[in-house]
Structures are given as structure tokens and as C-alpha cells.
Amino acid sequence: CIAFMFSQQDGNGKVSRVIRIGTRKSQLACIQTDSVAEKLKGLYPDVHIEIGDNLFTALERNEVDMVVHSLKDLPTALPPGFTIGAVLKRENPHDAVVLHPKNTGKSLDTLPNKSVIGTSSLRRAAQLKKRFPHLEFKDIRGNLNTRLKKLDEKDDFSAIILAAAGLRRMGWESRVSQILGPEDCMYAVGQGAIAIEVRAKDKDILEMVSVLHDPNTVLRCIAERAFLRRLEGGCSVPVAVHTEVKGSQLYLTGAVYSLDGSDSLKETMQTSIASDNKVEEVDEWVQRVGVTANNMPGPAQDASEKLGLDLANLLLSKGAKEILTVARELNDAR
Ligand code: DPM
């Protein structure tokens, strides 16, 4: 795995600081980390690249200054002392179908009865069981490389479901046979966005990475994360979302499901994210659902957070808590 180390130079060309980026060891994590390093290199040209092998807990031990993650793997509340300093422009947030080579040309609709689909995501299984009752769903574990190997080299699965964004980053787009739209399968909170985690007190690092924030992605993901936090959902609950920015409006659709998808609640709300572009005073350093975005208008971020909260409250008033509690209990008992 390649980690990038680079230095900021002062006016005299002296090295004043080395910035270290940590990553997990999977190929996807390395690709994501490298893409962030490339972007930072473009923005801050005095860059040196080194081979490294940083553990992902290294941020806590001050061994690295930032860690690159898939946003959807980050909890809605980070441990004290850490914050998400950048949320990069989201790629296709939808899920994709990857077929066993023998099924080329088929789709979820046309796969034979009792075909086995691989996914360990309760969210995917719940939605797809309801929508495609002729299919069966089984857990498949491991990183993306392992999963693709299990699909291709064995006869256990007819197809697997993976995030389109991850497949694209791995260069496996040609394996995508079908992108699942919101009517088939809504995506996970934060899916498709890369996040940079930093120490909250490292103001210079925060400022450095904050230019990588993609405003629309930030607002969508704040709304989605606020929704999930209010539902007390972790990273593996049958909760799904869909967000869109149209003009000055942010739309959030959120849903909760029973494990087999037979029971569900789904609602949509919207809010205005119009702003006069007045950026908050830099000394406020507000965190919203773990995200620090001082270079973006505060009111729009507040409106997005409130949208997520309001939508979760609406679903809770209709019985979302009961659906999720049962789903959690049944899943724990599996
Ligand atoms: C989380 C889930 C999964 C990952 C649950 C979900 C999928 C697990 C599975 C929270 N994290 O989505 O409902 O399929 O068994 C993960 C992937 C990516 C980030 C891989 C994937 C890449 C895409 C991205 C695993 N985390 O979902 O196919 O950047 O969003």
C-alpha cells in the first residue's frame, strides 16, 4: 500500500511540516487514499511521495495526520477528538448487480427461481427480497477482491450486490450488469462519498483538507447522517436513503425495513439550502454529525441536519423504532 508523505515549505524553501496520510490495507482503501493524496498534491505542490504502511488506528497515536475512509463506514458520532474534515464529491451512490459469468445477459428479474444472491447488507437484502421474491439471499463476506473471487470461482452465488462507487474505483465497472435505482434498492447513508478524518484540534490540517469538501455532497450527507443518528442506526441496520439537490432545495427520502422487507416505512421531506454565502466565523469550528465544514455556510448545514432529524422523527411517529428493534433482535439471534 502506498502512503503519501509530503512537506509544506516556508518562504525560504525550508521544510516546516510533514503531512502523513493513513489508510487501511485493502485495495479499495489504498485506491481511495491515493486519490486523496493526488488531489492534495495538486493543491499543495511541495509534495514528496513515500511508500508507507500506516495502521488505521495511527491517527489516535499521532502517527498520521489524516485517515481516508468510505463515509458510509464512519459512525454518525466519531470518538471525541476526531472529526471529518472533508467529504469529497460523491460518486454514483447506488448499488450494482455483479453477475456470475455464466449468467451474463440476465438481470435480477430474469434470474431463475431460487437463484442465490450474495450480500451481507441487511438493507440490500430487505429491499431486494420484497422486490424480487423469487430470489434467495445469502451472506458473503470479505473485501471486494475476496467477494469477486468467491462469485467467479465457485458456484455458490448467481450474483452479488456491491456499491457502484467501489466497483468503479477498483476499475471493475465492466462487471456491473445493472445499477439499482431507488425503486429497487435505496442506498446506505453516506454511500459513494470519501471522507477524510482528522484530529479536531489540528486546525491547519482541517483548513488544508477543507478545500476538498464538495458542498452538495456535504449537505446531502449531513442530512442522511442526521437521519441515521436519530434512528440510532449503526452501520448495519436496514435503513436506506435517497437525496437530491434541485436548485436551492434538498430532498431526503428515508426508509426503514423489517429483515424480509415485508414491513417498511418510507417518507420524503425537503428543505431550502439557499444561502447568502455568508461563511461562519472560522473560530466556531462547529461539528455536525461528525462533519466540520467551516468553509461552507452554516445555515444550509443546519437546515440539512434538521431535515434528517425531522424525517427521522416523522418515521418514528409512524412506528420506525418498533420495526428496527425487531430487525435488530432477529439479526442478533441469527
Ligand atoms: C457498510 C455496508 C457495507 C459496507 C452496509 C450497507 C456493505 C456490506 C455488504 C456500512 N459498509 O451498505 O448496507 O455488502 O455485505 C463498504 C463498501 C464500500 C464502503 C463496499 C460495498 C465502497 C463504496 C462506498 C462495505 N463500505 O458496499 O459494496 O464508498 O460507499
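First listed ligand is number 1; within each ligand, the first listed atom is number 1.
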(request) Of all the heavy-atom pairs spanning Pro75 and Arg225, show the shortest one and how long it is. (result) O-NH2, 2.7 Å
Any donor-acceptor pair under 3.5 Å linking the side-chain atoms of [Y] with those of [X]?
X      : Y      : answer
Arg90  : Asn216 : no
Arg328 : Asn331 : no
Asn92  : Arg168 : no

(request) Nearest heavy atom to atom 30 (O) of ligand 1 wins, so pick from Gly192, Gly118, Ala165. (result) Gly192
(message) Can you check which of Arg169, Lys72, Met170 brings a heavy atom nearest to atom 2 (C) of ligand 1?
(response)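 Closest candidate by heavy-atom distance is Lys72.
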(request) Going by the side-chain hydrogen bond (donor to acceptor under 3.5 Å, both in side chains) test, name the single residue among Glu224, Arg123, His94 that passes it with Gln191. (result) Arg123
Run the numbers for me: atoms of ligand 1, each under 4.0 Å from some heavy atom of [X], listed by number.
X      : result
Arg123 : 6 (C), 12 (O), 13 (O)
Ala163 : 21 (C), 23 (C), 27 (O), 28 (O)
Ala188 : 12 (O)
Ser120 : 9 (C), 15 (O)

(request) Ignoring hydrogens and angles, tell me if any N or O in the side chain of Ser258 forms a donor-acceptor pair with the backbone of Asp263 under 3.5 Å. (result) yes
(message) Is the contact between Gln191 and ligand 1 made by the side chain, the backbone, both, or neither, using heavy atoms and a 4.0 Å cut-off?
(response)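 Looking at Gln191 and ligand 1, atoms from backbone and side chain both fall under 4.0 Å.
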(request) Please state whether Arg147 comes within less than 4.0 angstrom of ligand 1, counting heavy atoms only. (result) yes
(request) Could you tell me if any non-hydrogen atom of Leu28 lies under 4.0 Å from any atom of ligand 1? (result) yes
(request) Answer yes when Lys129 and Glu136 have at least one side-chain N-carboxylate O distance shorter than 4.0 Å, and no when they do not. (result)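 Salt bridge: no.
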(request) Kindly confirm or rule out an N or O of Leu162 lying under 3.5 angstrom from an N or O of ligand 1. (result)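 Min N/O separation from ligand 1 is not below 3.5 Å for Leu162.
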